[in-house]
Amino acid sequence: MSEVKIMLGNEAIARGAFEAGVKVSAAYPGTPSTEISENIVKYPEIYAEWSPNEKVAMEVAIGASISGVRAMASMKHVGVNVASDPLYTISYGGVNGGLVLVAADDPGLYSSQNEQDSRCVARAAMVPVLEPSDSQEAKDFIKYAFDLSEKYDTPVMVRTTTRLSHSQGPVTLEERCEPVDITYERNVSKFVMMPGNAKGRHVYVEQRLKAMAEDGCDMPINRVEMNDTKIGFITSGIAYQYVKEACPEASVLKLGMVHPLPRKMIEEFASKVETLYIFEELEPVFEEQIKSWGIKCIGKEIFTVQGEYSANMIRKAILKEDVDGKAAASVPARPPILCPGCPHRSVFSVLNKLKIHAAGDIGCYTLGAVAPLSVVDTTVCMGASISTLHGMEKAKGKDYIKNWVAVIGDSTFMHTGVNSLMNMVYNQGTGTVMILDNSTTGMTGHQDHAATGKTLMGEVVPAINIYELCKAMGIKNVIEVNAFDTVELERIVKEETAREEVSVIITKSPCVLLKGNKFPYKCVPVADKCKKCGMCLKPGCPALTKNADGTISIDTTMCNGCGLCMNLCKFGAIEKVEV
């Protein structure tokens, strides 16, 4: 009897890769995709790595595929942008061993800077897209994607969303298949995309998509559930679950392959229902195509292109139910905040004191944009802080950026910050770059990277030395400093921002949530010395609260003795005690 296990969607994707016989997996951590690789590494049959960025991860998977084995790359939706360069081209070249890209979208912006719909990227790249609706399908669709990849000589995107990635459901486990490695044969016209070869492959890609659209009518992942014909839905992914919850008696065409679309199947279904609704999160990807065929349907006229969908959306828009009146009681707002003892808070408190603006980057340190720190002025994408600062200097001159710095984390610096810093040096820029080295990829759950000295598979390897890397670029002024030494940090920031050349400050203090960290001290208030000035409260540490009489209390269950509040107090009203 087959074993059934409750799995997260991401865990099921990893299981699908294992059962499909995948041999190589590459990824860069990014919510909501991170747990895929963290579960893949549990299967020793698969080589798994954290790549420095998504472009590299995609290229690693491409190389494995060309050599003749099944390979997979996983990333969040904005990572697909980084990987789009090799994706667009390998779509032309095709595969040898099966090649699958897992793209995890984030409707609702739970942890992202935009609500990108990766299906749009796949359409532009002419890559087929599968979209599972639950954990069981997440596993099964990965396996099916590899079969399609090899059958139609194409990379395949499997698109998930936050709700699917982080929801649990029953999954029936099966044995791993071991596909025979496909022999590599040199084929310049297929794998060398110079213009002459690419022209021919483009014709092939168009024919491939046409064949898949026709075959899609008979694919088991596209299915019709005929019930009451007064209402029909065409839907896919997690949105299917909302349809079944709100309108269990309606007829449904559930698309497992959302690109290319099975036109004949859609036309036949549409002819059998009185009112047809298109229910898809984010962009009207298949709605626009279906309407272009002259099929009457209702979609974004009543459903939003923003945010995450729900069953209540259907109840309100179609069934006209008063779902607003059933809303749960409101809860107090809980704004995002840096952890107690976070080294970023210490850095930002110094910048705030000096009235310095920061061009920010992707990571925990985006929280430096909000009160009370209010330092970070820009956040665009991975690595953009350095390039943004460089652009400001070239637009406004050296004096303009004397009160600006770029802030970037160690993992993000390895991702794309290195290139930006090289550009700054090469094009004779001026400016101070602060690399906030907390020895991990913090925001996505503490994954290792090239500068931590440990791989995804747990191997201890030589760590890239960020200090030496910066020096190797020809930067004369590279300084390392403890993030909590606020006096020294303030001196260094003043000195480096006054320079008329590129300089780098590396603040080195590990993330407080890293396993193995020990905190031998706590900070405690000394009430009779407190002058009630509030300086210790300025950085916004959640362990500190202001009492009714103006003094402060420190929650010792939260405090880890970083000493930032103590350093800010000029009256000795906070002390460190050993625990």
Item to check | Side-chain donor-acceptor pair present, Tyr365, Arg345, cut-off under 3.5 Å | outcome: no
Next on the checklist: For Arg499, is there an ion pair with Glu496 - N to carboxylate O distance below 4.0 angstrom?
Outcome noted: yes
Checklist entry - Can you tell me if Gln428 and Glu501 form a side-chain donor-acceptor pair at under 3.5 Å? => result no
Next on the checklist: Parallel, tilted or perpendicular, judged at 30° and 60°: which one describes the rings of Phe18 and Tyr43?
Outcome noted: parallel
Checklist entry - So how far is it from Met535 CE to Asn567 CG, rounded to the nearest 0.5 Å? => result 11.0 Å
Next on the checklist: How long is the straight-line distance from CG of Asp448 back to CG of Leu456, given to the nearest 0.5 Å?
Outcome noted: 8.5 Å
Next on the checklist: Can you confirm if the NZ or CZ of Lys576 lies within 45° of the ring axis of Tyr521 and under 6.0 Å from the centre of its six-membered ring?
Outcome noted: yes
Checklist entry - For His77 and Asp106, does a side-chain donor sit closer than 3.5 Å to a side-chain acceptor? => result no
Item to check | 4.5 Å side-chain heavy-atom contact, Cys523 and Glu575 | outcome: no
Next on the checklist: Pairing donors with acceptors under 3.5 angstrom, does anything connect the side chains of Ser385 and Asp361?
Outcome noted: yes
Next on the checklist: Side chains of Asn438 and Thr440: any donor to acceptor distance under 3.5 Å?
Outcome noted: no
Item to check | SB check Glu283 Arg119 (cutoff 4.0 Å) | outcome: no
Next on the checklist: If the threshold is 4.0 Å, N to carboxylate O, is there a salt bridge linking Glu393 and Lys398?
Outcome noted: no
Checklist entry - Are side-chain heavy atoms of Leu513 and Cys339 found at a separation under 4.5 Å? => result yes
Checklist entry - If you measure only the distance, is there a donor-acceptor pair under 3.5 Å linking the side chains of Glu54 and Ser51? => result no
Checklist entry - Roughly how far, to the nearest 0.5 Å, is the OG1 atom of Thr31 from the CE atom of Met443? => result 8.5 Å
Checklist entry - Does any donor atom in the side chain of Asp105 or Thr161 lie under 3.5 Å from an acceptor atom in the other side chain? => result no
Checklist entry - Could Glu11 and Arg15 be called an ion pair, given the rule that one side-chain N must be under 4.0 Å from one carboxylate O? => result no
Next on the checklist: I'd like to know whether NZ of Lys353 has more than 12 heavy-atom contacts from other residues, nucleotides or ligands below 6.0 angstrom.
Outcome noted: no
Item to check | Residue pair Tyr28 / Ser411, side-chain donor-acceptor N/O under 3.5 Å | outcome: yes
Next on the checklist: Applying side-chain contact (heavy atoms from CB on, under 4.5 Å) to Met473 and Val418, what does each step give before you reach the verdict?
Outcome noted: CA-CA 10 Å; Met473 293 183 197; Val418 174; 3.6 Å; yes
Checklist entry - When rounded to the nearest 0.5 angstrom, what is the spacing between CD1 in Ile492 and CE in Met434? => result 8.5 Å
Checklist entry - Are the side chains of Asn482 and Lys508 in touch, meaning some heavy atoms are under 4.5 Å apart? => result no
Checklist entry - Does a donor on one side chain and an acceptor on the other come within less than 3.5 Å for Thr416 and Asn53? => result no
Checklist outcome for this item: In this structure, CD1 of Ile552 is separated from SG of Cys565 (nearest 0.5 Å) by 6.5 Å
Next on the checklist: Ring-plane angle category for Tyr400 and Trp404, please: parallel below 30°, perpendicular beyond 60°, tilted otherwise.
Outcome noted: parallel
Item to check | No-hydrogen, no-angle side-chain donor-acceptor test under 3.5 Å, Lys76 and Ser112 | outcome: yes
Please table the atom pairs, donor to acceptor, closer than 3.5 Å between any side-chain atom in residues 375-382 and protein atoms at least two apart or in another chain.
unit_1: Asp377; atom_1: OD2; unit_2: His357; atom_2: ND1; d: 2.7
unit_1: Thr378; atom_1: OG1; unit_2: Gly360; atom_2: N; d: 3.4

Checklist entry - Of the options Val156, Leu101, Val158, Ile36, which is the one that meets Met72 in a side-chain contact (heavy atoms from CB on, under 4.5 Å)? => result Ile36
Checklist entry - Heavy atoms, side chains only, cut-off 4.5 Å: are Ile505 and Val405 in contact? => result no
Next on the checklist: Just checking Lys538: does its NZ atom have more than 12 heavy atoms from other residues, nucleotides or ligands closer to it than 6.0 angstrom?
Outcome noted: no
Checklist entry - Under 4.5 Å between any side-chain heavy atoms of Ser387 and Leu389, yes or no? => result no
Checklist entry - More than 12 foreign heavy atoms under 6.0 Å from NZ of Lys471: is that the case here? => result yes
